[in-house]
Number of protein chains: 2
Amino acid sequence: MPKVIDPACAPHDHSARPPATFVRPGAIERAAGIFRAMGDAPRLRLLALLGQGEACVTEIAAAAGDDLSTISQRLRVLRNEGLVSRRRNGKHILYGLADQHVADLLFNALAHASEGRADLSRLASLVPPTNPTQE
Amino acid sequence: MPKVIDPACAPHDHSARPPATFVRPGAIERAAGIFRAMGDAPRLRLLALLGQGEACVTEIAAAAGDDLSTISQRLRVLRNEGLVSRRRNGKHILYGLADQHVADLLFNALAHASEGRADLSRLASLVPPTNPTQE
DNA sequence: TTAATAGTTGAACAGTTGATCAAGTGTCCC
DNA sequence: GGGACACTTGATCAACTGTTCAACTATTAA
């Protein structure tokens, strides 16, 4: 039997550790908000769609097979966390990913989610290296 | 007033777009699960703590000022999504970040959350380039 | 102005989730 | 074995979240 070197909670000291507030508390809360907004499959699918380019609400609703109102509510959540951009074009309102950071986050997560069982090269097309929201 | 070039939903065609299933559906669901697990401030703070190195439950509970049971429940959620590693050391169970991917995700999110108003150099110490769970 | 299209917002309801407590398992030491 | 310590698990309950429906605002075209 492998004897444990230290009887207690060995290699690290039990009390001489810097407090959890190593990173400013506000950042944690904001990051959690961002994750919470992305932590819903329909909403994440919506973001993935926007990763392919801008789209108006009607278009998104058609692609998702959902109600306009439902899509609008989902977009509101994403917008509240600053994850999507919004601009008007006539009668339509075009949504897109807010910035490259969001695209990176999305890509990273999908890469992790597909780890070891899907070819990541397919994911690359989701978020091209150039800015997805060209203007 | 700037006249709109196209009367309808201009620059992109309204129906000639590949379906949202550009990335396999399972990956979206898993990624959403990961985000959901990280989308809670106490849980994210816990992950940030583990980013500094392994820790046992008692230690985490002390740092967070929370109940053992509460911490255990939070760890269960994170473990269900494969975000943390677990190994026994005598009476204690040491938790850590599951892999570098999780660390990257964490770092990326905190970087985005602090965008433009905090120096990111501080965050770098949270997730060192070397693997945080040395064995 | 009126009608039609496009989207947002508020309320209500069902489903989910997180904290807490009590009871359980596993490991160490005597 | 027995007791102490270190967790885990199941149940309960309050709080939150997502969807739906109805009513509302905004833009365009006639």
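Every chain is numbered from 1 and lettered A, B, ... according to where its sequence line falls, protein lines coming before strand lines.
- Under the side chain to side chain contact (heavy atoms under 4.5 Å, CB included) criterion, Ala61(B) pairs with Leu68(B), Ile71(B), not counting sequence neighbours.
- With sequence neighbours excluded, the residues forming a side chain to side chain contact (heavy atoms under 4.5 Å, CB included) with Asp67(A) are Ser69(A), Thr70(A), listed by chain and number.
- Tyr95(B) has a side-chain polar atom (N or O) that falls below the 4.0 Å cut-off from OP1 or OP2 of dT8(D).
- One interatomic measurement links the two molecules: CG of Leu46(A) to P of dG18(D), which rounds to 13 Å at whole-angstrom precision.
- Residues satisfying the ring-ring contact (aromatic ring centres under 6.0 Å, His included) criterion with Phe35(B), sequence neighbours excluded, are Phe35(A).
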How would nucleotides 19-27 of chain D be written as a contact map, 5' to 3', with B for base contact, S for sugar-phosphate-only contact and - for no contact, using protein heavy atoms under 4.0 Å? SBBB----B

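- Grouping the Ile, Leu, Val, Met, Phe, Trp and Tyr side chains by contacts below 4.5 angstrom, directly or via other members, places Ile60(A) with Ile28(B).
- Counting to the nearest Å, the P atom of dT17(C) and the CZ atom of Arg36(B) are 6 Å from each other.
- Residue order along DNA chain D, read from the 5' end via each residue's closest nucleotide, puts Val57(B) first among Val57(B) and Val77(A).
- Nucleic acid contact class of Leu68(B) (heavy atoms, under 4.0 Å, all strands): base.
- Protein atom NE2 of His92(B) is 13 Å distant from nucleotide atom C1' of dG26(C), rounded to whole Å.
- To the nearest angstrom, C1' of dT8(D) lies 9 Å from CZ of Arg79(B).
- Partners of Arg79(B) according to the side-chain hydrogen bond (donor to acceptor under 3.5 Å, both in side chains) rule, which considers only residues two or more places apart in sequence or in another chain, do not exist here.
- One can place CZ of Arg86(A) at 8 Å from C1' of dT8(C), the figure rounded to the nearest angstrom.
- Annotation: ring pair (Phe, Tyr, Trp, His ring centres under 6.0 Å) contacts involving residues 72-91 of chain A, sequence neighbours excluded, are absent.
- Shown here are the side chain to side chain contact (heavy atoms under 4.5 Å, CB included) partners of Arg36(A), two or more places apart in sequence or in another chain: Ala32(A).
- Counting only Watson-Crick and G-U wobble pairs whose two distances sit under 3.5 Å, DNA chain D takes part in these stems of three or more pairs: C:1-30 with D:1-30.
- Regarding Glu81(B), its CD atom lies at a distance of 14 Å from the C1' atom of dT17(C), rounded to whole Å.
- Qualifying side chain to side chain contact (heavy atoms under 4.5 Å, CB included) partners for Arg88(A), counting only residues two or more places apart in sequence or in other chains: Ile93(A).
- The distance between atom CG of Leu75(B) and atom C1' of dG18(C), rounded to the nearest whole Å, is 14 Å.
- Taking atom CG of residue Leu78(B) and atom P of nucleotide dT17(C), one finds them 14 Å apart after rounding to whole Å.
- Using a cut-off of 4.0 Å between Lys/Arg side-chain N and Asp/Glu carboxylate O, Asp66(A) and Arg74(A) are scored as salt-bridged.
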